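Below: one structure, written as C-alpha cells.
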2 protein chains.
Amino acid sequence: MRTIVIGTGTLGAAVHKTLVEHGHEVITAGRTSGEFQADISDIERLKAFFAGIGSFDAVANAAGDVFPGPLEQTTDEQWANSIAAKGMGQINVVRAALPYIADRGSFTLVSGVLSDEFTHAATIGTTVNHLVEGFVKAAATELPRGVRINCVSPTVLTESVAYHPYFPGFTHVPAAEVALAYLRAMSNPITGRVLKLHRTDS
Amino acid sequence: MRTIVIGTGTLGAAVHKTLVEHGHEVITAGRTSGEFQADISDIERLKAFFAGIGSFDAVANAAGDVFPGPLEQTTDEQWANSIAAKGMGQINVVRAALPYIADRGSFTLVSGVLSDEFTHAATIGTTVNHLVEGFVKAAATELPRGVRINCVSPTVLTESVAYHPYFPGFTHVPAAEVALAYLRAMSNPITGRVLKLHRTDS
C-alpha cells in the first residue's frame, strides 16, 4: 500500500514509523520538511502535489494548527487561521486528493479531545474539531469508488510536554498509540468513524 | 425580556411571532429587511449594530445560508461562503453581542437536521452544522456572567416546500414548532444544548 503521510511533527513521524513497520510504502509531506512540501491551507499547492505524486492508496493527515485563546479574547485572525488550517485545510486535502486516490482508498484526518472535553480556552479547538468530524461523517456517505474516510481524535500527546499544562487533569497518549489508530482506520472496512484516543465521560 | 431576533425569513418571522405572544419585546434584524439591518457575515456591522441597540436580554439567530452541492462538485466559494455565513456568521453574532448582552442573557443559534442525517449533497451542510454545534457546546463552558447559549436543530420546514425534494423521506416541521424550541432554549436554565426538531435514528 502506498500511503501519503502529511505532517512531520511528533504525530506525523509516529504515523510514518508505524505504517512503515506494517509494510506501507510511505511518502511524507510537510509544510517545510518531508520529502515533499505541502501546506494544507493552500489548496492550489495541494492540487499540484497530489497531481504530481503518482498513484496512492491512502492519505493520513497529521497536520493542522489551531490558535486557541479564551473565548472573550479570541480575535478574527485566530478564528480564520484555525478554520483555514485544521478545518478547511483537511477538507481541502480530501478535495485535492480525491481525483487521484485509488479505488477503495482511504483518508484519515485528525480532530482531538476538545471535541468532547473543554478547557478554559477550548472554544476554537472544539469548534474546528467538530467541523472536521462533521465533514468526515457526511463525506463518508458521498465519497465515490469505495473511498473511505475516518478521523482520529487523540487526547494531548505524551510527547507534547509543553502542552500538558493547558490540559490539567487530562490523561495523555503516546503518539505511537495514536499512530495505531491511523493504521486501524486505514486497514479495516470502516468509514465515517471517529476513533477516540481519550476517555469519553458522560 | 428584550430579545433581538436576527433573520426575517420563514423561521425568523415565526420566532418573532412566538416570542411576542409570550411577552417578549422583540427587535428584528435582517440582511435587507427588519427594523435593523445586520448581515451576520460582516462582523464590523454586527459590532456597530449591537453597540447601538441598547440593553437586551437574548439573541435568537435564525439567519445563516449554506450553499450545498454534491461533494465532488463543491467549489472553494461554496465552502468559504457557507462557513462565513452560517458558521462564522453565528459565532460572530455571539462575539459581537457578548459585551452588551445582559447578565444571565442567552443566545440561541441554529444548526439543522444535516448534523445527523445525510443526503446526496449534505457534506457542506453537515460540516457547517457541526461547527455551530461544537461552538455552542464549548462556548457554554466559557461564557461569562451566567450568559447561556443553545442551538436549535430543525429538520426541513413544512413551509419551505421548495426544499422538500432535496430531503426525500424526511419529515418536516412547522416553523411555529421550531420557534417554540427557541423559546424553550431562552426560558429554561439550560446551556450547551442542541434542541433537535427531528428524529435521531441510530
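Because the structure is predicted, anything quoted here is derived from the model rather than measured. Residue numbers start from 1 in every chain, and the chains themselves are labelled A, B, ... in the order their sequence lines are given, proteins ahead of strands. Heavy atoms only: backbone and side chains are in, while hydrogens, waters and symmetry mates are out.
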- State whether A:D65 and A:R31 are salt-bridged, where the test is any N-O pair (Lys NZ or Arg NE/NH1/NH2 against Asp/Glu carboxylate O) under 4.0 Å.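 Salt bridge flag = yes for A:R31 with A:D65.
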
Would you call the rings of [X] and [Y] parallel, tilted or perpendicular, taking 30° and 60° as the class edges?
X	Y	result
B:F167	B:F170	perpendicular
A:H130	B:H130	tilted
A:H172	A:H164	parallel

- Query: For A:H16 and A:T28, what are the C-alpha separation, side-chain angles and deciding distance, and is it a side chain to side chain donor-acceptor pair (under 3.5 Å)?
  - Reply: CA-CA 8 Å; A:H16 183 176; A:T28 58; 5.0 Å; no

- Message: Are there residues of residues 73-92 of chain A whose heavy atoms fall under 4.5 Å of chain B's heavy atoms? If so, which?
- Response: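 Those residues of residues 73-92 of chain A which have a heavy atom under 4.5 Å from chain B are A:T74, A:T75, A:D76, A:W79, A:I83, A:M88, A:I91.
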
- Query: If contact means a heavy atom pair closer than 4.5 Å, which residues of residues 105-116 of chain A contact chain B?
  - Reply: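 Residues of residues 105-116 of chain A touching chain B at under 4.5 Å: none.
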
- Indicate whether any N or O donor in one side chain lies under 3.5 Å from an N or O acceptor in the other, for B:E159 and B:T10.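 The answer is no; no qualifying pair exists.
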
- Message: Strictly distance-based, threshold 3.5 Å: is any side-chain N or O of B:R148 a donor or acceptor partner for the main-chain N or O of B:L143?
- Response: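 Not a single qualifying donor-acceptor pair exists.
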
- Item | Test item: A:N188 side-chain N/O and A:I190 main-chain N/O as donor-acceptor pair under 3.5 Å |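 Checking the backbone N and O of A:I190 against the side chain of A:N188, no donor-acceptor pair under 3.5 Å is found.
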
- Interface moiety of A:F118 toward chain B, non-hydrogen atoms closer than 4.5 Å: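 It is the side chain, since no backbone atom gets that close.
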
- Item | Atom group of A:L71 that falls short of 4.5 Å from chain B, counting heavy atoms |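 When you check distances to chain B, atoms from both the backbone and side chain of A:L71 fall under 4.5 Å.
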
- Walk me through it: do B:Y182 and B:N150 pass the test side chain to side chain contact (heavy atoms under 4.5 Å, CB included)? CA-CA 9 Å; B:Y182 277 82; B:N150 297 286; over 6 Å; no

- Within 6.0 angstrom of B:F67 CZ, more than 12 heavy atoms from elsewhere: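 More than 12 heavy atoms, drawn from other residues, nucleotides or ligands, come within 6.0 Å of this atom.
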
- Item | For chain B, the option from A:T127, A:I43, A:T119, A:V94 that forms the most heavy-atom pairs under 4.5 Å |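 Highest number of pairs under 4.5 Å: A:T127.
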
- Message: Can you confirm if the aromatic rings of B:F49 and B:F36 lie within a centre distance of less than 6.0 Å?
- Response: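 Distance test on ring centres: under 6.0 Å, yes.
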
